[in-house]
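All of these numbers come straight from a predicted model, not from anything done at the bench.
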Amino acid sequence: MQKHGRTLRVALITFLATAAAALLVLNFTAGEKQVQQQLPRLYTTASPQFDRAMGNLLGPGVLGGNEVTDLQNGDQIFPPMLAAIRAARKTVTFETYIYWSGDIGKQFADALSERARAGVKVHVLLDWVGSSKMEDSYLDEMKSAGVEIEKFHKPHWYNLARLNNRTHRKLLIADGVVGFTGGVGIAPEWTGNAQDPQHWRDTHYMVRGPAVAHMQATFLDNWLKVTGEVLHGDAYFPALEPVGPHRAQMFSSSPSSGSESMQLMYHMAITASERSVDLSAAYFVPDELTLKLLMDALQRGVRVRIVTPGEHTDTETVKAASRGTWGPLLAAGAEIYEYGPTMYHCKVMIVDRRMVSVGSTNFDNRSFRLNDEANLNVYDEAFARRQTEVFEEDIQRSRRVTHQDWLNRPWTEKLHEKVTGLIGSQL
């Protein structure tokens with residue numbers, strides 16, 4: 001009898017271990033089946049075909065008549081976001097990865113709750129992992145006020161294989177007429193003006209015009225996945241008249257509906273570049289194909305400049321994995337800079353000073369294949385010039401890393417880079 005009991009226990013332990021291993025494998029599988037892209041260079045960013053390809057091949061069409069305003073750091077970012085919430089009369093939709101505790105979290109909870117009590121339909125979608133540090137009192141306050149709050153991929157038996165798929169999107173839309181997107185989370189680190197290591201450097205964008213409907217549709221994509229509820233009608237999709245000069249599109253990706261599309265968008269832009277690629281990258285861990293396309297651009301005379309975090313970073317693992325890839329780029333002439341004053345969390349790509357892509361996407365495998373992401377692409381030379389000025393201001397606060405610096409780094413750093421490179425698909 002005892003022997004039979006031990007056999008059952010061993011069988012049960014074996015079964016549980018096998019199931020855990022299977023779940024681990026499923027969660028660490030990088031999205032859909034990876035197919036090596038074959039991307040011939042057929043046109044430049046100046047060609048009308050570039051716009052057609054970006055709009056028709058990859059996502060929603062490019063719409064004119066938008067006004068896109070860049071907001072630098074928390075002091076510029078949070079006041080208009082809170083003002084838009086407080087001014088909403090019909091609906092507020094809000095999706096974010098990071099929502100932690102602190103005064104700024106309380107301000108958002110208060111503003112969203114006040115609007116819900118006033119009869120505005122308020123829908124909040126938080127990532128289950130990213131909001132794990134959020135105070136329960138904020139959730140209780142909002143729910144009591146009538147805010148509809150959902151958690152993305154909260155663990156259930158039927159979705160355990162998808163725990164590694166997080167929503168990293170950052171979207172706020174008020175009344176369907178004004179939207180915000182970029183790199184900012186709701187936490188004390190994003191407040192202030194990047195004045196010290198406790199206050200991060202980041203950029204967010206305010207949008208008015210027809211592209212706001214793209215932003216709303218992107219939010220509703222995940223809201224539908226989580227709740228099954230279709231939000232539509234004039235309260236969410238009002239008629240939007242042209243209000244500005246910018247041509248734009250909201251572009252999104254998800255492992256469940258085209259995980260390769262965000263990476264392909266970046267690849268197409270780099271392939272079409274003829275003068276410059278400027279990249280603000282909070283997390284820069286390019287795969288072999290991306291490195292090849294950047295190298296090809298350098299070889300045809302494109303200037304490639306990259307700003308990444310320096311001494312101040314929230315993940316030494318990603319930093320090490322990133323530095324391990326720099327050698328060929330530096331040898332080929334790429335300029336790589338490490339931002340000095342604080343954690344650098346910007347996510348912006350500027351190509352040929354014609355096209356700008358901004359949003360939640362990092363330049364790494366996690367964003368390209370594992371997370372739900374959303375970027376706003378703006379096709380306007382004046383807007384691109386303004387973002388280039390901001391980029392060059394960041395360069396002034398950064399230290400350039402030369403190829404010789406990279407070769408001379410300590411052996412301990414090289415070892416760390418080798419180890420972290422083994423898990424590059426998860427970074």
Side-chain angles (χ1 to χ4, degrees), residues 68-88 92-115 122 124-127 129-139 141-142 147 149 167-174 178-207 280-283 307-315 339-348 358-360 362 374 376 387 390-391 393-394 396-398:
V68 184
T69 305
D70 63 284
L71 307 169
Q72 305 299 324
N73 302 322
D75 283 350
Q76 288 186 18
I77 294 166
F78 290 131
M81 290 179 72
L82 289 165
I85 293 171
R86 292 165 181 152
V92 175
T93 51
F94 181 41
E95 178 175 0
T96 190
Y97 177 66
I98 294 294
Y99 196 135
W100 294 342
S101 300
D103 181 63
I104 191 62
K106 185 65 166 66
Q107 289 183 52
F108 271 83
D110 289 348
L112 293 164
S113 298
E114 188 278 328
R115 284 293 80 197
V122 181
V124 176
L125 182 58
L126 306 175
D127 185 77
V129 172
S131 63
S132 59
K133 297 181 183 179
M134 183 183 188
E135 288 187 23
D136 289 339
S137 61
Y138 300 172
L139 292 171
E141 175 190 358
M142 288 190 281
V147 176
I149 303 176
T167 180
H168 197 241
R169 297 173 183 174
K170 298 164 179 71
L171 296 164
L172 171 66
I173 302 99
V178 58
F180 296 83
T181 192
V184 164
I186 310 303
E189 285 82 348
W190 278 280
T191 60
N193 192 32
Q195 68 269 27
D196 55 47
Q198 287 71 50
H199 299 84
W200 292 0
R201 167 78 184 96
D202 214 337
T203 308
H204 225 60
Y205 297 82
M206 180 170 65
V207 186
S280 298
Y283 310 102
V307 178
T308 69
E311 174 188 359
H312 305 289
T313 179
D314 65 335
T315 167
Y339 191 76
T342 185
M343 169 64 187
Y344 191 74
H345 202 258
C346 301
K347 311 163 196 302
V348 184
V358 300
S360 65
N362 293 308
L376 180 75
Q387 304 318 302
V390 173
F391 181 82
E393 290 171 3
D394 288 341
Q396 295 302 312
R397 299 181 178 91
S398 304

Partners of Tyr339 by side-chain hydrogen bond (donor to acceptor under 3.5 Å, both in side chains), sequence neighbours excluded?
none
Within a strict 4.5 Å, meaning less than it, do heavy atoms of the Leu172 and Val92 side chains meet?
yes
Distance col, row Asn73:CG vs Thr203:OG1, nearest 0.5 angstrom, shows 6.5 Å
From Glu114 CD over to Asp110 CG, what is the distance, rounded to the nearest 0.5 angstrom?
9.5 Å
Excluding sequence neighbours, so at least two apart, what forms ring-ring contact (aromatic ring centres under 6.0 Å, His included) with Tyr205?
none
Asp196 meets the side chain to side chain contact (heavy atoms under 4.5 Å, CB included) criterion, sequence neighbours left out, with Gln198, His199
Using the ring centroid of each side chain, check whether His345 and Trp190 are separated by less than 6.0 Å.
yes
Sequence neighbours excluded, which residues qualify as ring-ring contact (aromatic ring centres under 6.0 Å, His included) partners of Tyr138?
none
So the salt bridge (Lys or Arg N to Asp or Glu O under 4.0 Å) pairs with at least one residue in residues 69-81 (sequence neighbours excluded) are Asp70-Arg386
Nearest heavy atoms of Thr315 and Tyr283, plus distance in Å:
CG2-CE2, 3.5 Å
Considering only heavy atoms from C-beta outward, does the side chain of Ile186 approach that of Phe78 to under 4.5 Å?
yes
Does Lys347 reach the side chain of His168, with side-chain heavy atoms less than 4.5 Å apart?
yes
Determine which pairs satisfy salt bridge (Lys or Arg N to Asp or Glu O under 4.0 Å) with at least one residue from residues 198-207, sequence neighbours left out, and list them in order.
Arg201-Asp394
So how far is it from Thr167 OG1 to Asp127 CG, rounded to the nearest 0.5 Å?
6.5 Å
Gln387 side chain reached by Val358 side chain, heavy atoms, under 4.5 Å:
no
Please report the shortest heavy-atom distance between Gly359 and Thr181, naming the atom on each side.
CA-OG1, 4.3 Å
How far does CG of Asp314 sit from CD of Glu189, to the nearest 0.5 angstrom?
9.0 Å
CZ-CG distance between Phe108 and Leu82, expressed to the nearest 0.5 angstrom
4.0 Å
For Ser113, enumerate each residue passing the side chain to side chain contact (heavy atoms under 4.5 Å, CB included) test, keeping only those at least two apart in sequence or located in another chain.
Arg117, Glu141, Met142, Ala145
Val129 side chain reached by Tyr97 side chain, heavy atoms, under 4.5 Å:
yes
Could you tell me which residues satisfy side chain to side chain contact (heavy atoms under 4.5 Å, CB included) with Lys133, sequence neighbours excluded, listed by chain and number?
Trp100
Return the minimal non-hydrogen interatomic distance between Asn193 and Gln195, and the atom names on each side.
N-OE1, 2.7 Å
Side-chain heavy atoms of Cys346 within contact of Val307, under 4.5 Å:
no
Can you measure from CE (Met81) to NZ (Lys170) and round to the nearest 0.5 angstrom?
11.0 Å
Taking only residues two or more places apart in sequence or in another chain, which ones pass ring-ring contact (aromatic ring centres under 6.0 Å, His included) with Phe180?
none
Set of side chain to side chain contact (heavy atoms under 4.5 Å, CB included) partners for Ser137, sequence neighbours left out
Glu135
ring-ring contact (aromatic ring centres under 6.0 Å, His included) partners for Phe391, two or more places apart:
none
Quick one: side-chain hydrogen bond (donor to acceptor under 3.5 Å, both in side chains) partners of Asp136, sequence neighbours excluded?
none
Are Phe94 and Ile85 side-chain neighbours, meaning at least one heavy-atom pair lies under 4.5 Å?
no
Tightest non-hydrogen contact, residues Pro341 and Ala194, listed as CB-O, 4.5 Å
Ignoring hydrogens, what is the shortest heavy-atom contact between Pro188 and Gly102? Give both atom names and the distance.
CG-CA, 4.0 Å
Check: Val122 main-chain N/O paired with Arg115 side-chain donor or acceptor under 3.5 Å
no
Exercise: identify the closest heavy-atom pair between Leu71 and Pro80
CD1-CG, 3.9 Å
